[in-house]
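We count ligands from 1, going down the list as the structure has it; atoms in each ligand are counted the same way.
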Amino acid sequence: MEKNAKIYVAGHRGMVGSAIVRKLQAEGFENLLVRTSSELDLRNQAAVEDFFATEKPEYVFLAAAKVGGIVANNTYRADFLYDNLLIEANIIHQSYRTGVKKLLFLGSSCIYPKLAPQPLKEEYLLSGFLEQTNEPYAIAKITGIKLCESYRRQYGCNFISAMPTNLYGPNDNYDLQNSHVLPALIRKFHEAKVNNQPAVEVWGTGSPRREFLHADDLADACFFLMEHYDDELFVNIGTGVDETIRELVDQVQQVVGYEGEVHWNTDKPDGTPRKLMDVSRLHALGWKHTTSLKDGLELTYQDFLANEELYVE
Ligand SMILES: NC(=O)C1=CN([C@@H]2O[C@H](COP(=O)(O)OP(=O)(O)OC[C@H]3O[C@@H](n4cnc5c(N)ncnc54)[C@H](OP(=O)(O)O)[C@@H]3O)[C@@H](O)[C@H]2O)C=CC1
Ligand SMILES: C[C@H]1O[C@H](OP(=O)(O)OP(=O)(O)OC[C@H]2O[C@@H](n3cnc4c(=O)[nH]c(N)nc43)[C@H](O)[C@@H]2O)[C@@H](O)[C@@H](O)C1=O
């Protein structure tokens, strides 16, 4: 990307989009194009057509999406499918029509079959049944991959896709019902500590395994792929290391300094038993994460403390 290139970061107020903006600014890119969802609803085909025709971005990072944790995915199934299909289709189609030089689409590790062999290799896509709690979201994300692949094959567009593992970091969603596990645990343990609560409720059995990547590492990987990767096959982005939810609970409890009890609510879903990314392709390309989960948790708790008023309504 040329330093003065016009770069559209879709979803710039979100956790990933804001990390991508920080990364681009740190690299000296200043011609960034951003819109909030109230300024531009990406589900609106005519509005997206008008925006691309008027602004003519040269590069696009597609980090806008309807996103949430296991309960949000399972509850708002129609919204996760409808919103994500429209956002992807509108941006990818208008990027083709207006001659965008390169686009990066972000999927998710939930695109893989629920019981796929571990670690998850890119070629396992569409080799089995999906996890039920997030099937609509996963179908939308798989469609995004196929849109990039198809516009590349039919029209020669340089559209690439990356599949991040579970993410965390600044500007995460801390809503207790709709967030992902890591921000939920930070908030629950912090509030329990401050309010001297004797116990905290966490969900499921604690046995599922998850892999966690800091959003700044993800943004760095996205920038790396934009600069160095032009192939059709999507690329996994992760650390290649996972742990049980029970282990994560212990770690967050320690970082926050909460000494009460933990109660497991097994009426809540566990979701996929394991989704560890095979990151050998990404490593072979020359990129590796730098933030350990231990350091990332400390950083994220400090960020939560500094921005609690913003994060918690
Ligand atoms: N969080 C995670 O653990 C993971 C995330 N990903 C992927 O990374 C990407 C970004 O996720 P993340 O940053 O966590 O999500 P966030 O919820 O933090 O941010 C999503 C952003 O998308 C924008 N958006 C949502 N709907 C619309 C709409 N209809 N029109 C315009 N903008 C819209 C929002 O804009 P506004 O703020 O202006 O309303 C918001 O800032 C997504 O594609 C997600 O699937 C992949 C794997 C894991
Ligand atoms: C990124 C990824 O994120 C989602 O998949 P998920 O990884 O299953 O999501 P999660 O982070 O919400 O939960 C992980 C595990 O943690 C357990 N858990 C314990 N206690 C809490 C808790 O308090 N909140 C939450 N949310 N989970 C909890 C929970 O029961 C589960 O076993 C999908 O959106 C999917 O589409 C996707 O792409």
Open item on the list: Tell me the contacting part of Tyr137 for ligand 1: side chain, backbone, both, or neither, using a 4.0 Å heavy-atom threshold, strictly below.
Closed with: side chain
Open item on the list: Under 4.0 Å, heavy-atom basis, I'd like to know which part of His180 is in contact with ligand 1: side chain, backbone, both or neither.
Closed with: side chain
Open item on the list: Do Phe234 and Ile91 land in one hydrophobic cluster if side-chain heavy atoms of ILVMFWY residues count as linked below 4.5 Å?
Closed with: yes
Min heavy-atom dist [X] to ligand 2 below 4.0 Å:
X: Asn166; value: yes
X: Cys110; value: yes
X: Ser179; value: yes
X: Lys188; value: yes

Give a yes/no verdict on whether any heavy atom in [X] is under 4.0 Å from an atom of ligand 1.
X: Asp41; value: yes
X: Arg35; value: no
X: Ser109; value: no
X: Ile87; value: yes

Which atoms of ligand 1 sit under 4.0 Å from any heavy atom of [X]?
X: Arg43; answer: 29 (N)
X: Thr36; answer: 38 (O)
X: Lys141; answer: 42 (C), 43 (O), 44 (C), 45 (O)
X: Leu40; answer: 30 (N), 31 (C)
X: Ala63; answer: 9 (C), 10 (C)
X: Gly14; answer: 13 (O), 16 (P), 18 (O), 19 (O), 41 (O)

To check you understand the geometry: which heavy-atom pair defines the closest contact between [X] and [Y], and what is its length?
X: Glu201; Y: Lys188; value: O-NZ, 2.9 Å
X: Ile145; Y: Ser161; value: CA-OG, 3.8 Å
X: Gly11; Y: Ala64; value: N-CB, 3.7 Å

Would you say [X] and [Y] make side-chain contact, with heavy atoms under 4.5 Å?
X: Ile111; Y: Leu125; answer: yes
X: Trp264; Y: Ile245; answer: yes
X: Tyr229; Y: Val235; answer: yes

Task: Region of Ile70 engaging ligand 2 - heavy atom pairs below 4.0 Å - done: both
- [ ] Select one of side chain, backbone, both or neither to describe which atoms of Ala138 lie under 4.0 Å from any atom of ligand 2, heavy atoms only.
- [x] neither
Where is the nearest protein heavy atom to [atom]: which residue, which atom, and how far?
atom: atom 13 (O) of ligand 2; value: Val181 CB, 3.9 Å
atom: atom 30 (N) of ligand 1; value: Leu42 N, 2.9 Å
atom: atom 46 (C) of ligand 1; value: Gly107 O, 3.0 Å
atom: atom 21 (C) of ligand 1; value: Gly11 CA, 3.8 Å
atom: atom 48 (C) of ligand 1; value: Thr165 O, 3.3 Å
atom: atom 3 (O) of ligand 1; value: Leu167 N, 3.0 Å
atom: atom 11 (O) of ligand 1; value: Val67 CG2, 3.6 Å
atom: atom 6 (P) of ligand 2; value: Arg210 NE, 3.7 Å
atom: atom 2 (C) of ligand 2; value: Lys275 NZ, 3.5 Å
atom: atom 39 (O) of ligand 1; value: Ser37 OG, 2.6 Å
atom: atom 8 (O) of ligand 1; value: Val16 CG2, 3.8 Å

Would you check whether [X] has a nitrogen or oxygen atom less than 3.5 angstrom from a nitrogen or oxygen atom of ligand 2?
X: Thr272; value: no
X: Pro269; value: yes
X: Asp270; value: yes
X: Tyr137; value: no

Task: Pair His190-Tyr258, side-chain donor/acceptor within less than 3.5 Å - done: no
Task: Polar contact flag, side-chain donor to acceptor under 3.5 angstrom, Tyr112-Asn236 - done: yes
From [atom], work out which of [options] has a heavy atom at the shortest distance.
atom: atom 18 (O) of ligand 1; options: Met15, Glu39, Met163, Lys66; result: Met15
atom: atom 23 (C) of ligand 1; options: Gly68, Ser38, Ala64; result: Ala64
atom: atom 24 (N) of ligand 2; options: Trp203, Phe212, Phe80, Tyr168; result: Trp203

Open item on the list: Applying the side-chain contact (heavy atoms from CB on, under 4.5 Å) criterion to Glu298, which one of Leu293, Asp303, Val255 satisfies it?
Closed with: Val255
Open item on the list: Under 4.0 Å between a side-chain nitrogen and a carboxylate oxygen: does that hold for Glu55 and Arg35?
Closed with: yes
Task: Note: Asp83-Arg43 ion pair, threshold 4.0 Å (strictly below) - done: yes
TODO: Taking the six-membered ring for Trp and the single ring otherwise, decide whether the centroids of His214 and Tyr168 are under 6.0 Å apart.
DONE: yes
Open item on the list: Aromatic contact between Phe223 and Phe29, with the criterion being ring centroids under 6.0 Å apart: yes or no?
Closed with: yes
Is there a polar contact between ligand 1 and [X], counting only N or O atoms under 3.5 Å apart?
X: Leu62; result: no
X: Ala65; result: yes
X: Asn171; result: no

Task: Cation over ring face, Lys6 and Tyr59, 6.0 Å, 45° - done: no
Open item on the list: Can you see whether Trp287 has Arg281 sitting over its ring - NZ or CZ less than 6.0 Å from the centre and within 45° of the normal?
Closed with: no
Open item on the list: If you scan the protein for heavy atoms around atom 34 (C) of ligand 1, do you find one that is closer than 4.0 Å?
Closed with: no
